[in-house]
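Throughout, protein chains are lettered first and strands after them, A, B, ... in sequence-line order, and every chain is numbered starting at 1.
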Amino acid sequence: MQQTFVQPEFRVKIDYDKCHKCGRCVQQCGWGVYDFTERPIPHDEKCRACHRCVTYCPAHCITIEKNTLAFRDNDNWSADARKAVWTQADSGGVLLTSMGNPKPYERIFDKLVLDACQVTNPSIDPLREPMELRTYLGRKADSVAVEPDGTGGFRLAGDSGVARNIELAVPIVFAPMSYGSVSLNVHRSIAMAAERLGVTMNTGEGGMHEDLYPYQDHIILQVASGRFGLSPEVLKRAAALEIKIGQGAKPGIGGHLPGEKIDRDVSATRMVPQGSDAISPAPHHDIYSIEDLRQLIYALKEASGYRPVGVKIAAVHNVAAIASGIVRAGADYIYLDGFRGGTGATPQVVRDHIGIPVEIAIAVVDQRLRDEGIRNHASIIAAGSIRSSADAAKAIALGADAVAIGTATLLALGCHLCQSCHTGNCSWGITTQRPELTRRIDPEWGAERLTNLVNAWSHELQEILGALGVNAVESLRGSRERLRAIGLDEQTCRILGVKPAGL
Amino acid sequence: MAYDLSRYDGFSPDNYREESPFKIHGGCGLMGICDESGALMSGEEPIRAMAVQRDRGNGLGGGFAGYGIYPEFPDHYCFHMMYHDLRARDEAEEILRTRFTVDHAEPMPTRPVRGIHDAPILWRYFMTPRAEVLEELDHSAEDFVVSTVMEINARVDGAFVASSGKNMGAFKGVGYPEEIGHYFRLEDYAGHTWVGHNRFPTNTPGWWGGAHPFTLLDWSIVHNGEISSYGINARYLEQFGYACSLGTDTEVAAYLFDLLLRRHRLPVELACTVLAPPLWSEIERMPAERAELMRSLRAVYGPAMLNGPFAIVLGFNGGMVALNDRIKLRPLVAARSGSRLMVASEESAIRTVMPDPDTLWTPRAGEPVIARVKGMELPFHSTLHATPAEVSCAVTAADACHELEEVAV
């Protein structure tokens, strides 16, 4: 066989003077990097720089370095571009990868700054004053109708309440990731955390494993084009349903869970044969138009006893008009997934070149819904990618009701963004079904880390609100006056509805 | 607690244009007084109440609104106008005369007062909407007046509508309130309800139109505070056709009251709840039915919450409402003396007008103080109504099809 032209991306270096020769690196690595003959021998070409061995080496004698091979300088033909050509000439295939778009496109969040109060309006101390983050997701009336309650007061009249809304203690929810792409222990961790935090998790398109039933009031069940894992019974279990049209990491294409990741349990939950690939088509084959979407929304409402139904779309060029159509079709929320959003498997060309930033999508969708007077009819969840409480605050200020975190969720559980989820060999036990790897995540431990993360961000959101001089998140939501842009061009500022700093 | 005014040498209502004896530094000052029996008070009383709060302003804005002051034209819309020049007056009058029958128009009566200069051209008009225009536009008279106000303020350069209600008017400008009050000869007017304001502008330049009270239809608002949620409040109002052209918090508060009370027909207590809602932790402790109502009000009207420090007095034909923000970051004192209910930023203002009130208290955060003139129908309703905004309900077939075309492009 011909030697591949593509050289290893990383160098695994072991300080053998310090090495205990215990073999733990061999055992920890899911990629098969190490052989062991008297001492561990790394095969650099298999390394994904996931740092599992580094983290668990008792002697701290492993380092991973970039393989800094010199290439003849060429601004046009980067080393990555050359490697891609060699790889495809080897295989004739589509380049597969995972997680979100890593390319150096403008990161708008990093060019927005928040306001603070000085003198004329006081800041509020979140350690001493209430600071409210509670959020309701779902369709709301345009106005509240009341009637006298007979004792001099008033009560709700008609159906203008929020009974059919999803109550969130904080405006941060867990993003959809399917059982199959991630392990059951990951799902258990997220479900437990969602319940403790008073927020929601999302099944992704893989259905709801019966171990998650105790947490069903905090679970949004996804209905994707493959219709995996759905039954009339499970539709009635979820807190809400979500029709997945698209995903930020791979707008316009379907999903592919390789047969190797479909063991007996995944097979039972997804309701697909064991060991055979589960392929969800690019479009829903019963949704070829907005009126078809409307039919599915109402079919799901009927089938589920009128639970809220959201629609998840990838942020694409015409997102505002699409979102408006979705709201008018009866969706209770829109989930906007930006092009930085993660995935368990995607063609690299799609991940890196299709879609628009979520910041832009939030801004134009929120404004369009306001222009049409239908902003109250649906909530906006923004995702792809929310990296910190600051991103969350900025997304909310641009107009999002809540943010969803996927990549950050996995990072909290050990993910190192090695972009290899599609291989099913995740050494951290996250995106794998190999039992010796999945057992590395103890759901109790995972739930605690996720609870910590969201609590930490929530405290930071409270600090931000306090600095802004408001004590409820609804006073930040859509308040673009509290944002300023640094170094964004005028057109982008106009689209975002944000003034440049200094104005 | 009572301030004995006589202790301060030289204090008398006659020389309050001189330096006030009180040195309490703060933001704006405000007052509201209502005689619930409907008895009329001279405009001199609100002037005195504002004069003792002189230090709460910086001379860049003062003003008053009085109700029941035009008994000779009780059913006419009275527009108080400010013009920078005659061209602006001609343009604005053109709009007014096409839309209204003007039964009486005159310059505002004023007198020269030290400290007041560069006044705009001030006129007032007593008018009724032209029936044929109303019919053509298919507007209620109130919506018609609102759209006229918006059009003049937004489109006619150098013209500004200072007030537009019935049997009421706003008198405001750049100066200390006592100077402005005398400039407009308020002692010649008598009203059952008055509100007054002293301005310490920090966020907008001091100009005559930007002084308080801010008014729309019969509503008038005086406000002390800076609303930290201005951005979302303004964007929320834009959805309902309100253009926030002044850039002031008070304008936002006025439009929100108009939306909640007039268009959404909320009872005044609940409108105040929307603007300064209870905490979630308080809501959870309420009886189930009330908690559900509060949850809905907060969820539906979250963008209307006025967050940040404020004390507001809302005047209308038939009474007034005073309200503090939800954690009481600005002062507000209330008192009752006989049939008179009074609120002010400082107790000193109250004791100037009613030296020995029956009761005097500090209203709690978010808890409205409401005065109602006996026998006057309130300009808002407390029974069940269909909401106009519901008409544009999303999922009619026509809408979806219309949207489809847009998506398909």
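In this structure, the side chains of B/Tyr301 and A/Ser143 come closer than 4.5 Å at one or more pairs of heavy atoms. Put simply, the side chain of B/Glu292 reaches to within 4.5 Å of the side chain of A/Val162, judged on heavy atoms. Residues B/Arg295 and A/Tyr136 form a side-chain contact, since some pair of their non-hydrogen atoms from C-beta on lies under 4.5 Å apart. Contact of the B/Ser281 side chain with the A/Pro130 side chain is not registered, since no non-hydrogen atoms from C-beta on lie closer than 4.5 Å. Within the 4.5 Å cutoff, no side-chain heavy atoms of B/Leu329 are placed close to those of A/Asn121.
Only the side chain of A/Asp149 has a heavy atom closer than 4.5 Å to any heavy atom of chain B.
Rounded to the nearest 0.5 Å, atoms CD (A/Glu167) and CH2 (B/Trp280) are 7.0 Å apart. Between atom CZ of residue A/Arg155 and atom CD of residue B/Glu289 there is a gap of 5.5 Å, rounded to the nearest 0.5 Å. Atom CZ in B/Arg326 sits 10.5 Å away from atom CD in A/Glu129 (nearest 0.5 Å). Rounding to the nearest 0.5 Å gives a distance of 8.5 Å between CD of B/Glu238 and CZ of A/Arg370. Summarising the geometry, atom CZ belonging to B/Arg298 is positioned 4.0 Å from atom CD belonging to A/Glu132; distances are rounded to the nearest 0.5 Å. Going from atom CD of B/Gln239 over to atom CG of A/Leu369 covers 9.0 Å, rounded to the nearest 0.5 Å.
Panel note: side chain A/Asn471, backbone B/Asn307; no donor-acceptor pair is recorded below 3.5 Å.
Of the options A/Leu468, A/Ile124, A/Val470, a side chain to side chain contact (heavy atoms under 4.5 Å, CB included) to B/Ser228 is made by A/Val470 and by none of the others.
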